Amino acid sequence: MIEWPLVVSLCFGAIVVLALFQILRQSRRYRSLSLRRGASQPASLPPVTVIVPARNERHNIESCLRRLTKQNYPAEKLRIIAVDDGSTDGTAGLIRSVAADTSGRVELIEAPALPPGWAGKPQACWLGARAATSEWLCFIDADTFAEPMLLRTAITTARRAGIDMASLSPFQEFGGFFASLVVPLGFAALAATQTSKDISVAGQFILIRTDCYFRVGGHAAHPSSVCEDLELARAVRKAGYASAVFRGDRLIRARMYRNATAVWEGFAKNLADMYGGTARTLAIVTLVLFVGWGAVLLPAHVIFMLMQGRNPLALLEAAIALPAALAVFSLQIALARYLRLSILYALLPPLSATAAAAMAVNSVSCKLLGRVSWKGRVYRP
């Protein structure tokens, strides 16, 4: 007779071990940038143009741009272009204000109405890139906040490593219960399921050689994409250029989502692409649900069986399920501490997994229907 609780515990334990191994392996792949050591001298730094695409970013744009103007980088080699993507909340006015206060160090480009077949962010990035004349381009999201050594360190590292495209993973800040509940789990699931063949990119900060950018077609190569960073990274790798993702939590921080609606829309837009397509996304979310609920239900079942004293295999089930469940909670606690969240979020894996599953299913539905809503626009990629 098959002991299904034991089989389930064995599957649960195996998935947890494999996931933890993969997360550890992925974490070692990321290289950490230093804030102070190894930065090039000002005279040897190349010209760079920072491009900030912005749509309805009145909460972030002013702080983002002012921090960029305070970079420890030669002013004559640094150009900052903010591209307003048809904002309706006064973002363009705030950009003009920063430009006036900083003696024109920030330039404003107002994007025209979207041409047929274009999404907003690819057009904004393309307009900024076409206006640049520098050796390097740096695309930075408006919801990011840079430390003074960001550009100098990133460019130095990319040049010394012979990298044509470097992206930095910022320290993520979360606003609200929903974002704090599901976004960390989303990052953990991505790290646990990525392979060496998968394309990795952190789209909130992309540094790329100008000649590389235009040779692969830039953002114009995939104008309708709502995952423009992923498409650019794919094009760079396909063309044989060198790329890498770095850990940039000491250099740049970001706050992607301020409320549950933004989280829901943001994940609907790109989750299925991030996880490698609809079928793979559904497979991953099934595992997430199994692990999230298993971390609570399996220990409860084990404790119940041990109290009843009826199943001689209960001890074996306990030896498998309890350490695996402890590992799940430990990972959640470690994530919460790293992201400076309340430990309480680590104690809700079933709720986190269920919410993440709902968002994944919604993202898959949007992809299959070919309809995505983002910041007041509806795209049909």
Side-chain angles (χ1 to χ4, degrees), residues 31 33-54 61 63-83 95 98-99 102-109 121-122 124-170 201-216 218-219 228-229 232-233 236 241-246 248 250-254:
R31 282 167 272 182
L33 293 176
S34 171
L35 279 170
R36 298 181 179 86
R37 293 178 296 175
S40 296
Q41 295 301 311
S44 65
L45 290 168
V48 59
T49 300
V50 175
I51 299 160
V52 184
I61 191 64
S63 179
C64 174
L65 294 176
R66 291 189 185 280
R67 284 177 172 270
L68 289 174
T69 63
K70 296 177 181 178
Q71 287 294 295
N72 188 346
Y73 207 90
E76 69 276 9
K77 295 183 178 182
L78 173 60
R79 186 179 177 191
I80 303 170
I81 299 175
V83 185
I95 296 173
V98 174
T102 57
S103 303
R105 291 200 62 196
V106 174
E107 303 171 38
L108 169 65
I109 293 178
K121 189 174 178 181
C125 291
W126 181 245
L127 290 172
R130 290 186 64 186
T133 57
S134 55
E135 181 181 341
W136 288 83
L137 301 173
C138 184
F139 300 96
I140 296 182
D141 282 3
D143 58 7
T144 60
F145 312 100
E147 295 299 321
M149 287 294 288
L150 171 65
L151 288 174
R152 188 169 170 180
T153 310
I155 287 182
T156 298
T157 302
R159 294 174 77 198
R160 289 181 177 176
I163 292 170
D164 302 291
M165 174 177 163
S167 58
L168 266 65
S169 179
V201 65
Q204 290 167 309
F205 179 101
I206 293 178
L207 179 69
I208 185 169
R209 293 184 185 274
T210 303
D211 59 349
C212 169
Y213 177 81
F214 284 107
R215 283 178 183 173
V216 302
H219 289 86
E228 74 296 326
D229 52 351
L232 181 60
V236 167
Y241 289 102
S243 63
V245 181
F246 295 91
R250 292 180 296 172
L251 291 161
I252 183 171
R253 56 188 176 87

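Keep in mind that what you see is a predicted model, and the values were worked out from it rather than measured.
Here the CD1 atom belonging to I155 is positioned 7.0 Å from the SG atom belonging to C138, to the nearest 0.5 angstrom. If you take CD1 on I51 and CD1 on I208, they are separated by 10.5 Å, rounding to the nearest 0.5 Å. Between atom CZ of residue F246 and atom CG of residue L207 there is a gap of 9.5 Å, rounded to the nearest 0.5 Å. A distance of 9.0 Å separates OG1 in T69 from CG in L78, rounded to the nearest 0.5 Å. Interatomic distance, SG of C125 versus CD1 of I206, reported as 8.0 Å (0.5 Å rounding).
Taking both residues in full, the closest heavy atoms of D229 and G203 are given as OD2-CA, 3.2 Å, listed atom of the first, atom of the second, then distance. The shortest non-hydrogen separation linking R159 to P46 is NH1-CD, 3.2 Å. Closest non-hydrogen pair, A124 versus V83, comes out as O-CG2, 3.5 Å. Residues A242 and I163 approach most closely at O-CG2, 3.7 Å, considering heavy atoms. A pairwise comparison of heavy atoms in Q71 and L151 identifies OE1-N, 3.0 Å as the closest pair.
Using a 4.5 Å cut-off on side-chain heavy atoms (C-beta onward), L168 and L251 make contact.
In terms of the side chain to side chain contact (heavy atoms under 4.5 Å, CB included) criterion, residue partners of C64 (sequence neighbours excluded) are, by chain and number, V52, L68, T144. In this structure Q204 satisfies the side chain to side chain donor-acceptor pair (under 3.5 Å) test together with Q172, sequence neighbours excluded. The ring-ring contact (aromatic ring centres under 6.0 Å, His included) test applied to Y213 returns F139, H219, not counting sequence neighbours. When the side chain to side chain donor-acceptor pair (under 3.5 Å) test is applied to R253, the partners found at least two apart in sequence or on another chain are E173. Checked against salt bridge (Lys or Arg N to Asp or Glu O under 4.0 Å), R66 has the following partners two or more places apart in sequence or in another chain: E62, D101. In terms of the salt bridge (Lys or Arg N to Asp or Glu O under 4.0 Å) criterion, residue partners of D141 (sequence neighbours excluded) are, by chain and number, K121. For R209, the side chain to side chain donor-acceptor pair (under 3.5 Å) test picks out D164, with sequence neighbours left out. Contacts of N72 classified as side chain to side chain donor-acceptor pair (under 3.5 Å), with partners at least two apart in sequence or in another chain: R152.
With Y73 as the partner, the side-chain contact (heavy atoms from CB on, under 4.5 Å) test is satisfied by one option alone out of K70, E76, K77: K77.
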Practice prompt. List the steps and the verdict of side chain to side chain contact (heavy atoms under 4.5 Å, CB included) for D211 and R215.
Written response: CA-CA 6 Å; D211 59 349; R215 283 178 183 173; 4.3 Å; yes
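Look at R250 and E147 and you find no salt bridge, because none of the NZ, NE, NH1 or NH2 atoms lies under 4.0 Å from a carboxylate O.
Every pair passing side-chain hydrogen bond (donor to acceptor under 3.5 Å, both in side chains) that includes a residue from residues 128-139 is listed here, sequence neighbours excluded: T49-S134.
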